[in-house]
Amino acid sequence: MAGYDFAAIEKKWQEYWEKHGTFVQPNPGEQGFVERPKYYVLDMFPYPSGAGLHVGHPEGYTATDIVARYRRMQGFNVLHPMGYDSFGLPAEQYAVEQGVHPRVTTARNIANIERQIRMFGFSYDWSRRVATTDVEYYRWTQWIFLQLYNSWFDPEVNAARPIAELEAKLQSGQFVVNLSGDLVPNISPNKIPDLNLQAVGMGNLKFYELEADQRHRLIDEYRLAYQAEVPVNWCPMLGTVLANEEVTNEGRSDRGNFPVYRRPLRQWMLRITAYADRLIDDLGVLDWPEPIKAMQRNWIGKSVGAEVDFPLESVGTEEWFERRGRGMPAAPELDVIRVFTTRPDTLFGATYMVLAPEHELVAEITTPQQKQEVEAYVQAAKNKSELERSAESKDKTGVFTGAYAINPVTRQAIPIWVADYVMMGYGTGAIMAVPAHDTRDMEFAEKFALPIVQVVQPTAGQDWRGFIDDGVAINSGHYDGLPTSDIKQQITDDLHKAGLGKQAVNYKLRDWLFSRQRYWGEPFPIVHCPACGTVALPESALPLMLPEMDDFSPAASEDPNALPSPPLAKATEWLNTTCPRCGGPARRETNTMPQWAGSCWYFLRYLDPRNDKQLVDPAIEAYWMGSECVGKPAGPTNRATPTRGTAAPGCDEREKGQHGGVDLYVGGAEHAVLHLLYARFWHKVLFDLGHVSTVEPFGKLFNQGMIRSFAYRDRRGMCIGYDDIDFSGDKPRLKATGEELIESVEKMSKSLKNVVNPDVVIAGYGADTFRLYEMFMGPLDASKPWNTRDVPGVHRFCQRVWRMICGSEDMAALIKDQSDAQVEKALHKLIKKVSEDVEAMKFNTAIAAMMEFVNLVYKTGAISKDQAQRFMLVVAPFTPHLAEELWSMLGHSQSLAHEAWPKYDEALLEELTVELPVQVNGKIRGRVVVPVDATQEQVLALALADAKVAAAVEGKTVVKRIVVPGRMVNIVVK
RNA sequence: GCCGAAGUGGCGGAAUUGGCAGACGCGCAGGAUUCAAAAUCCUGUUGGGCUCACACCCAGUGAGGGUUCGAUUCCCUCCUUCGGCACCA
């Protein structure tokens, strides 16, 4: 019999699957579709980089492939697609450097990475492949942008609604515009407390009283996609602005490590903040790892507290406070400092205030004596780059403005300072400083000798200075003695009645900066018309294709003051167009969308990838994303009344938490916040507008751990490549000199010389071995080190499976005519174990069980043909090529991919007797074999009859007897 | 600094609800096979003590304490590593 020729086998079966369309999954309504329960198992699609596949990629892909193959054998319709996140900076940077069009390099990189992915024999339905750079794909990315642009967030229904509804409400007078230009409902204030849109009482404008362009601009302010002048991270060397998350802690660009400067620029923004509460609340229904949910909650950063007004000393008279009794204005007057605090209970301890350097009142209130110093400080803060700001973060700086404000509860004048430890971007850009109970305020107060007043008494005798936890109020007037939580509530109510404050909520989450000044991204379907302003293209004008350009490089500059100059501005023919509204000359938007755009919805396009009428057919979307639980056939989904927070009826325990969306989504934890938050946001918008049927895109999420590898350094700290190391002894040594090397586990990187290339491993051992090794290394969600020296171990298992069926030169095959009862029992145990482990994503222990089974067969020396076939079905999800080949050798002419998953007989697994350890005082002294149905008394009698147990008990008093059925016996003696 | 995850043999790791610590694999040692080697098959392998050996005894899951008949598992304190956030009022 021929040996295990993995290279030939793997090629053969990959070609077979491709030729027979084994993994093509038809949609409902298509030819070949069979009505069955569905399972959507998704991988985070890769960015096709020039470097190709990394050993980290196939880890998740193998896990999902095992699940996909297992579910298919269980009789599910399995959707298992793959595609490419192919827009983005690296392709463009490379293209600029090499002078090749990004489309060319992107195509080349996709071809290479797909070749690599295909080597693993994953059961993807390749007919559904998409790439975000395909025109037919980004057409729909642009379409979703239009949905965002043509919607607003209606706080009354807490959802996105068509912008036309806002216009209608304004036209009908249901909403009006107040003096500060804000939109307010034309109803009594306080009806919508969270809206921050309270009417000021008089001076409201009716919509129809506004000029046409005013109306246009007003409406634009409320769109989910809007333009705003915001402080952005401007990177002149990349010629683009960057999102906060693309900037490192050191204030440099994530890609390229170039300096980044903070400056205000007009940009496209997406109103993700409107969804902050829903993004937090809906985490509750998701079957996601808790740490990831925590990271998202953290990122959104909701804090509940109060806004409190402090009048300047010059106006804070008795009359002012009396006047305030009539109500708190929506926006503070120019002689009032509004602060946000999460600790209104510490108001009596506010001994000074701090304004952010960018705060508009700084210039207003600074006294002439302090003017020079303050201006210098503000100017210096402005010129600081992110780098400098973080470098100086330890040491507090600031200057006194010379002005004072009145603490609204103590009625004492407190000094107002300017300091850059207060940021304009959070809260109101001003704080009340309570140095006794806030670490930062205390540092500042100590440095500048400002008064520190205790207002919280710690309950457990700690020092009150710097005590930031909850305690009991002290030095707080009639609030003294109240626990922190009570005084918070009461003082907030009292402030509200006095018109001095109100409950308020703040988020760390900012609106999503959505434009980039680059070529290789989706163009915005927007034109700028001198007559009509910003105008969206109609859907019929999509796709808006990127223009062909010879020079698509952005204007890179080392000058921090250089202006953005997007490459698209140079495509003059493309740039100049006509306004879709008035037909006059207009210019196209020259920004492009960020890389995150395409990955926000790719899982929806897989469902119906060639649909040229719709993003996705609603019936198909409902089938694959449907919220019915696993195992039940998907029925029609009620789009109008989605059931949030309730499990579908008929789900068993395991299936709770299934509220629709992708049934299993696997990827790295590096996308814990951004991709997953952005995608959830888009999905909710699409849900609100009726384009999808579920509130969440990904019902179950699993994060694979990072694969790192051993790095070796000599005593000078130089990294040594594996080829130069002698591993034969007990310690790794340098081959050349025998010097002992220091081992550590690190991320793979060229400089550490510890990179493992999947191509090389596959060439040496085959894809089945590679898959098996990555799954056997340890738990999927743990970070673990790659160790090439362990690979032969799992390869040996493949060899043993092969020889078990086929034999070898010096070993006969173990296939026998009779079946061994012990093997039969072990096989049932194995089927049960693997089924449970695959469902729990515990692939490493499933593989260990398969190894044990094979070891048993070797020991027994016999496996029947029937048993061998069932075993092939069990290993098939893990090592599909090997299993297919042996399956066909066992006499089958068709793939096993759609064979039924083997069943096990619970009755066969039941034992007649069980061996129990017998402990005396918690120490094991003996073992007894007892019938499984023995009574406690019988077990005890047998246990005490054991010679060693009897010896240990001899001469002592038995105090207690513990029998855990089927587990152990413990006898406590004195 | 804050939040999260983790720490078990020479190495990767296993251990159901608090119930036999070290499954499985690597490595190592010994044996079989072989002219020999590789490969393969079999056996052993936490450390220490004692023993010709079997047996037996003691210690042991980062460190220290606690709860319990019994703790890798639960609680407290501390140490280390990794991931995330970072003056967020």
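Throughout, a chain's letter reflects where its sequence line sits, starting with A, and its residues are numbered from 1.
- Rounded to an integer number of Å, the gap from A/Ile292 CD1 to B/C3 C1' is 13 Å.
- Side-chain proximity of A/Lys747 to B/G12, B/G83, B/C87: nearest is B/G83.
- In this structure, A/Glu915 reaches the bases: a heavy-atom distance under 4.0 Å links it to at least one base atom across the strands shown.
- Note on A/Arg789: only backbone sugar-phosphate atoms sit closer than 4.0 angstrom, heavy atoms only; bases stay farther off.
- If you take CG of A/Asp837 and C1' of B/A14, they are 11 Å apart, rounded to a whole angstrom.
- In terms of phosphate contacts, A/Thr845 brings no side-chain nitrogen or oxygen within less than 4.0 Å of OP1 or OP2 of B/A23.
- A side-chain N or O of A/Gln296 and one of A/Arg680 form a donor-acceptor pair less than 3.5 Å apart.
- Comparing atom distances between the A/Met423 side chain and each of B/C85, B/A14, B/C87 picks out B/C87 as nearest.
- Counting non-hydrogen atoms under 4.0 angstrom, A/Glu852 reaches the backbone sugars and phosphates but no base.
- Spacing between atom CD1 of A/Ile742 and atom P of B/G10 amounts to 20 Å, rounded to whole angstrom units.
- Looking at the side chain of A/Phe710, the nearest of the listed nucleotides B/G4, B/G12, B/C24 is B/G12.
- Among pairs with a residue in residues 340-355 of chain A, those fulfilling salt bridge (Lys or Arg N to Asp or Glu O under 4.0 Å) read A/Arg343-A/Asp345, at least two apart in sequence or across chains.
- Residue-to-nucleotide proximity on RNA chain B shows that, of A/Gly793 and A/Asn787, the 5′-proximal contact is made by A/Asn787.
- Checked against A/Trp786 for a ring pair (Phe, Tyr, Trp, His ring centres under 6.0 Å), the options A/Phe710, A/Phe770, A/Phe776 give a single hit: A/Phe770.
- Legend: salt bridge (Lys or Arg N to Asp or Glu O under 4.0 Å) pairs involving residues 782-801 of chain A, not counting sequence neighbours, sorted by first then second residue: A/Glu59-A/Lys784.
- With its glycosidic angle within 90° of 0, B/G9 adopts the syn conformation.
- For A/Trp299, the listed nucleotide lying nearest its side chain is B/C85; candidates were B/G4, B/C85, B/G84.
- Of the listed nucleotides (B/G19, B/C24, B/A5), B/G19 has the atom at the smallest distance from the side chain of A/Arg967.
- The listed nucleotides are B/G84, B/G25, B/C69; the one nearest the side chain of A/Asp790 is B/G25.
- Rounded to whole angstrom, the span from the CD1 atom of A/Ile847 across to the P atom of B/G12 amounts to 18 Å.
- Residue A/Glu746 contributes atom CD, which lies 13 Å from atom P of B/U81 at whole-angstrom precision.
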- Task: Sugar-phosphate means primed atoms, P, OP1 and OP2; the rest is base. With that split, encode nucleotides 36-45 of chain B 5' to 3' as B, S or - using protein heavy atoms under 4.0 Å.
- Result: ---BSSSS--

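- Counting non-hydrogen atoms of other residues, nucleotides and ligands closer than 6.0 Å to NZ of A/Lys956 gives a total of 12 or fewer.
- Counting non-hydrogen atoms under 4.0 angstrom, A/Pro785 reaches the backbone sugars and phosphates but no base.
- With a 3.5 Å limit on both pairing distances and Watson-Crick or G-U wobble geometry required, the stems of 3 or more pairs in RNA chain B span B:1-7 with B:79-85, B:10-12 with B:24-26, B:27-32 with B:40-45, B:46-49 with B:56-59, B:62-66 with B:74-78.
- A/Asn844 comes within contact range of the sugar-phosphate backbone alone, with a heavy-atom separation under 4.0 Å but no base atom that close.
- In this structure, a donor-acceptor pair under 3.5 Å is present between the side chains of A/Thr397 and A/Tyr377.
- Of the candidates A/Asp837, A/Val834, A/Ile66, A/Ile66 is the only one forming a side chain to side chain contact (heavy atoms under 4.5 Å, CB included) with A/Phe843.
- Atom CD1 of A/Ile468 and atom P of B/C2 are 8 Å apart (whole Å).
- One atom, CG of A/Asn921, and another, C1' of B/U68, lie 13 Å apart when rounded to the nearest Å.
- Of all the heavy atoms in A/Val666 and A/Gly60, the pair that sits closest is CG1-CA, 4.0 Å.
- In the set B/C82, B/G83, B/C24, the nucleotide with an atom closest to the side chain of A/Arg708 is B/C82.
- Nucleotides of RNA chain B nearest to A/Asp441 and A/Pro291 differ in position, and the one nearer the 5' end is that of A/Pro291.
- Side chain to side chain, A/Tyr722 and A/Asn754 fail the donor-acceptor criterion of an N or O pair below 3.5 Å.
- With hydrogens and angles ignored, a donor-acceptor pair closer than 3.5 Å exists between the side chain of A/Arg927 and the base of B/C20.
- When each of B/C85, B/A15, B/G13 is scored by its nearest atom to the side-chain atoms of A/Lys508, the top-ranked nucleotide is B/C85.
- Residues that satisfy the salt bridge (Lys or Arg N to Asp or Glu O under 4.0 Å) test with A/Lys816, not counting sequence neighbours, are absent from this structure.
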Could you list all N or O pairs between the protein and nucleotides 54-57 of chain B that sit under 3.5 Å apart?
| from | atom 1 | to | atom 2 | distance (Å) |
| --- | --- | --- | --- | --- |
| B/C56 | OP1 | A/Lys948 | NZ | 2.9 |
| B/C57 | OP1 | A/Arg925 | NH1 | 3.4 |

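- For the OP1/OP2 pair of B/A5 and a distance below 4.0 Å, the side-chain nitrogens and oxygens of A/Lys293 include no atom meeting the criterion.
- Checked by atom type, the side-chain pair A/Thr62/A/Tyr773 shows no donor-acceptor distance below 3.5 Å.
- No cation-pi contact links A/Lys396 to A/Phe444, judged by a cut-off of 6.0 Å to the six-membered ring centre and 45° from its axis.
- With rounding to whole Å, A/Gln919 atom CD is found 8 Å from B/C20 atom C1'.
- For the pair A/Leu495 and A/Val308, the minimum side-chain heavy-atom distance is below 4.5 Å.
- Rounded to whole Å, the separation between the C1' atoms of B/A23 and B/G9 comes to 14 Å.
- Using a 3.5 Å distance cut-off with no hydrogens or angles, the side chains of A/Tyr4 and A/Gln799 do not pair a donor with an acceptor.
- The residue A/Ser303 sits close only to the backbone: its heavy atoms come under 4.0 Å of sugar-phosphate atoms, none of a base.
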